[in-house]
**Student:** 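Next up is a structure, given as structure tokens.
Naming convention: chains lettered A, B, ... in sequence-line order (proteins, then strands); numbering from 1 in each chain. Keep in mind that the numbers below use all heavy atoms, side chains included, and drop hydrogens, waters and symmetry copies.
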Protein chains: 4
Amino acid sequence: MGLDFEKDKPIYQQLIDRLSGDIIRRVRKPGDKLPSVREYAIDVGVNANTVQRVYKEMESMELIETRRGQGSFITENEERLQLLRDSKKEDLVKSFIANVEAYGFSKDEIVELVRREIK
Amino acid sequence: MGLDFEKDKPIYQQLIDRLSGDIIRRVRKPGDKLPSVREYAIDVGVNANTVQRVYKEMESMELIETRRGQGSFITENEERLQLLRDSKKEDLVKSFIANVEAYGFSKDEIVELVRREIK
Amino acid sequence: MGLDFEKDKPIYQQLIDRLSGDIIRRVRKPGDKLPSVREYAIDVGVNANTVQRVYKEMESMELIETRRGQGSFITENEERLQLLRDSKKEDLVKSFIANVEAYGFSKDEIVELVRREIK
Amino acid sequence: MGLDFEKDKPIYQQLIDRLSGDIIRRVRKPGDKLPSVREYAIDVGVNANTVQRVYKEMESMELIETRRGQGSFITENEERLQLLRDSKKEDLVKSFIANVEAYGFSKDEIVELVRREIK
DNA sequence: GTGGTCTAGACCACT
DNA sequence: GTGGTCTAGACCACG
């Protein structure tokens with residue numbers, strides 16, 4: 001179908017984020033088979049090399065496993081998934097806070113904004 | 001003196017962020033003169049071209065004004081500065097929320113985390 | 001091939017003007033790929049950095065779009081292009097008139113001259 | 001009093017233009033005394049060096065004459081003034097037309113616009 | 001191969 | 001002294 005990507009972030013990174021999100025949100029579950037590299041590439045409308053890189057990187061994060069001749073699967077190591085979830089969450093919040101402070105916004109102001117925006 | 005830069009973000013971008021932060025936090029005030037291109041370059045330990053680029057970009061954002069042969073000055077257009085502050089804040093929160101949702105974290109979970117982290 | 005530049009105007013500005021003209025005149029059409037930075041640099045006989053700057057500036061004007069690893073393309077946003085054309089035209093005429101008045105030429109005199117010169 | 005200058009054109013150039021305009025429009029007439037360098041500098045709010053340059057340059061154009069100990073005066077050489085006027089006019093129109101063509105605007109379109117704008 | 005960033009160093013115009 | 005432009009050359013990330 002072809003997806004829309006933000007142009008200021010690498011496509012492969014955005015794909016990793018998307019897949020990670022799917023996994024965290026349990027849209028894709030442990031043991032699920034991922035589409036083949038070529039299939040997925042066509043699906044989202046990017047170069048196969050890019051998807052290749054995505055899978056490779058997620059493998060090195062131990063998020064997915066590639067079984068020769070069978071394809072790629074989401075790891076069934078639940079602990080690993082929990083870890084991903086936690087570290088991702090922490091990263092997100094930490095970098096958000098860092099930015100907030102760099103720009104000198106008051107804390108109340110931000111908590112308030114986040115709450116309103118998120119509602 | 002020489003500053004430390006994150007390596008995954010362009011130096012010029014980090015300098016823009018830093019200066020913008022200073023302006024928003026009123027560490028640098030409307031009408032203030034910025035260091036000369038060369039001076040600032042030595043100060044933070046980068047090439048003069050990089051600072052040149054920073055100033056030029058901030059000028060196109062109408063954050064600073066450059067007067068030929070005299071140097072660069074923070075705009076005295078307070079309205080413009082308020083706009084910067086607001087849009088920066090919105091951008092920050094918006095992109096944070098977007099990430100949060102992409103990763104499927106629950107809203108309460110996030111608000112809670114932010115509050116704890118920020119305290 | 002190597003091009004000739006006026007010496008009282010920055011090269012990058014002249015290149016922007018030239019390309020903008022090409023786009024307005026439809027010599028280059030929406031969706032067309034521009035030459036790569038390095039290619040164009042050799043083409044017109046300037047440094048690659050200069051072309052880089054040209055493309056970056058045109059991108060910020062939303063005249064072209066740069067797709068990572070693929071190159072730069074003329075925007076397909078026809079509305080944007082029309083806007084460019086109109087504002088460029090207005091700018092030209094406005095600044096011409098301003099000069100004319102600063103020098104105190106009579107209006108008839110100028111209309112007459114323009115008509116003769118343009119014929 | 002302090003004047004406002006366009007920031008993309010040298011101040012000294014703008015001052016020359018302004019004075020030339022005054023002369024052409026006969027706001028300042030042949031033989032008139034110009035303000036002293038210092039006086040004029042304060043008047044328009046620029047550095048005295050800048051005015052110095054203006055006078056020097058206009059002198060080399062033979063538009064004004066400086067008499068030691070007396071000040072600067074507009075030349076009484078009417079022929080010279082007429083020449084200035086004509087060449088300035090031609091320059092203006094020529095460069096206007098050049099721009100118009102570079103951007104590919106049709107001639108009718110421009111004549112029309114100029115007439116409307118000038119009315 | 002493509003754009004993006006950065007450095008070092010030079011030269012110019014302006015105030 | 002100040003900004004502005006340009007070159008040459010290098011290195012990196014992306015697709």
Side-chain angles (χ1 to χ4, degrees), chain A residues 5 7-15 41 44-54 57, chain B residues 5 7-15 33-42 44-59 64-73, chain C residues 5 7-16 33-42 44-59 64-73, chain D residues 5 7-16 41 44-54 57:
Chain A
F5 295 99
K7 68 189 224 312
D8 48 327
K9 219 200 273 184
I11 290 179
Y12 84 89
Q13 192 49 263
Q14 296 182 53
L15 286 177
V44 296
V46 304
N47 190 300
N49 289 327
T50 305
V51 175
Q52 190 63 268
R53 178 169 184 177
V54 168
E57 214 134 313
Chain B
F5 295 102
K7 68 181 244 303
D8 49 322
K9 217 198 278 183
I11 292 178
Y12 81 88
Q13 194 43 272
Q14 297 180 52
L15 286 177
K33 185 178 185 309
L34 291 170
S36 86
V37 169
R38 288 159 172 90
E39 193 185 341
Y40 197 46
I42 292 171
V44 298
V46 303
N47 187 281
N49 284 321
T50 304
V51 175
Q52 182 79 18
R53 181 174 184 175
V54 168
Y55 282 13
K56 175 152 193 178
E57 204 130 322
M58 291 185 74
E59 168 131 45
I64 69 178
E65 284 167 20
T66 293
R67 298 180 207 137
R68 104 183 63 254
Q70 298 187 47
S72 298
F73 303 79
Chain C
F5 295 102
K7 71 181 244 300
D8 50 323
K9 220 199 275 183
I11 292 180
Y12 80 89
Q13 193 45 271
Q14 297 181 52
L15 286 176
I16 291 177
K33 186 178 184 310
L34 291 169
S36 85
V37 169
R38 288 159 174 88
E39 194 185 340
Y40 197 46
I42 293 171
V44 298
V46 303
N47 187 281
N49 283 322
T50 303
V51 175
Q52 183 78 13
R53 181 174 186 175
V54 168
Y55 282 15
K56 177 153 192 176
E57 204 129 323
M58 291 184 75
E59 168 132 45
I64 69 178
E65 283 168 20
T66 294
R67 295 177 209 140
R68 100 184 65 256
Q70 297 186 49
S72 298
F73 302 80
Chain D
F5 295 100
K7 68 188 223 313
D8 48 324
K9 219 199 271 183
I11 291 180
Y12 83 89
Q13 193 45 266
Q14 297 182 52
L15 286 178
I16 292 178
V44 297
V46 304
N47 190 299
N49 289 325
T50 305
V51 175
Q52 189 63 269
R53 177 169 185 178
V54 169
E57 213 134 314

**Student:** Within this structure, what is the NZ-to-C1' distance between C:Lys56 and E:dG3, rounded to whole angstrom?
**Tutor:** 11 Å

**Student:** Once you round it to whole Å, what is the distance between P of F:dC14 and CG of A:Leu15?
**Tutor:** 13 Å

**Student:** Hey, is the side chain of C:Ser72 poking within less than 4.0 Å of OP1 or OP2 on E:dT2, counting only N and O atoms?
**Tutor:** no

**Student:** Ignoring hydrogens and geometry, is there a side-chain-to-backbone donor-acceptor pair from B:Gln52 to B:Val37 under 3.5 Å?
**Tutor:** no

**Student:** How close do C:Ala48 and C:Ala41 get, counting heavy atoms only, and between which atoms?
**Tutor:** CA-CB, 3.7 Å

**Student:** Give the minimum heavy-atom separation between D:Val54 and D:Tyr12, together with the two atoms involved.
**Tutor:** CG2-O, 3.6 Å

**Student:** Judged by each residue's nearest nucleotide on DNA chain E, which is more toward the 5′ side, C:Lys7 or B:Gln13?
**Tutor:** B:Gln13

**Student:** Expressed as a whole number of angstroms, how long is the span from B:Gln52:CD to E:dC11:C1'?
**Tutor:** 14 Å

**Student:** Looking at E:dC14, which nucleotide sits across from it as a Watson-Crick or G-U wobble partner, both distances under 3.5 angstrom, or is there none?
**Tutor:** F:dG1

**Student:** For D:Val46, answer base if it contacts any base atom (sugar-phosphate contacts may also be present), sugar-phosphate if it contacts only those atoms, and nothing otherwise; contact means non-hydrogen atoms under 4.0 Å.
**Tutor:** nothing

**Student:** For B:Lys33 and C:Gln70, find the nucleotide of DNA chain F closest to each by heavy atoms; which residue's nucleotide sits nearer the 5' end?
**Tutor:** B:Lys33

**Student:** Base, sugar-phosphate alone, or nothing: which one does B:Arg38 contact when heavy atoms must sit under 4.0 Å apart?
**Tutor:** base

**Student:** Using only side-chain N and O atoms of C:Thr50, determine if any of them is under 4.0 Å from OP1 or OP2 of F:dT7.
**Tutor:** yes

**Student:** Rounded to whole angstroms, how far apart are CZ on C:Phe5 and C1' on E:dC12?
**Tutor:** 18 Å

**Student:** Taking only N and O in the side chain of A:Arg53, is any of them less than 4.0 Å away from OP1 or OP2 of F:dC14?
**Tutor:** yes

**Student:** Quick check for you: among F:dG15, F:dT5, E:dG3, whose closest atom lies nearest to any side-chain atom of C:Ser36?
**Tutor:** E:dG3

**Student:** Do any side-chain nitrogens or oxygens of C:Arg68 fall under 4.0 Å of OP1 or OP2 in F:dG15?
**Tutor:** yes

**Student:** Roughly how many Å is it from OH in B:Tyr12 to P in F:dC12, rounded to a whole number?
**Tutor:** 19 Å

**Student:** Write down the distance between CD1 (C:Ile42) and C1' (F:dC6), rounded to a whole number of angstrom.
**Tutor:** 17 Å

**Student:** Between E:dC6, F:dC6, E:dG4, which nucleotide has the shortest distance from any of its atoms to the side chain of C:Ile11?
**Tutor:** F:dC6

**Student:** Considering non-hydrogen atoms only, spot the tightest contact between C:Phe5 and C:Gln14 and give its length.
**Tutor:** CA-OE1, 3.4 Å

**Student:** Side chain of C:Glu57, backbone of C:Ile16: donor and acceptor closer than 3.5 Å?
**Tutor:** no

**Student:** Identify the nucleotide, in any strand shown, that forms a Watson-Crick or G-U wobble pair with F:dA8, with both distances under 3.5 Å; if there is none, say none.
**Tutor:** E:dT7

**Student:** Tell me: CD of C:Glu39 to P of E:dT2, nearest whole Å?
**Tutor:** 7 Å

**Student:** More than 12 heavy atoms of other residues, nucleotides or ligands under 6.0 Å from NZ of A:Lys7: is that the case?
**Tutor:** no

**Student:** Could you give the CE-to-C1' distance, from B:Met58 to F:dG3, as a whole number of Å?
**Tutor:** 16 Å

**Student:** Under 3.5 Å, is there an N or O donor on one side and an acceptor on the other linking the side chain of C:Asn49 and the base of F:dG9?
**Tutor:** yes

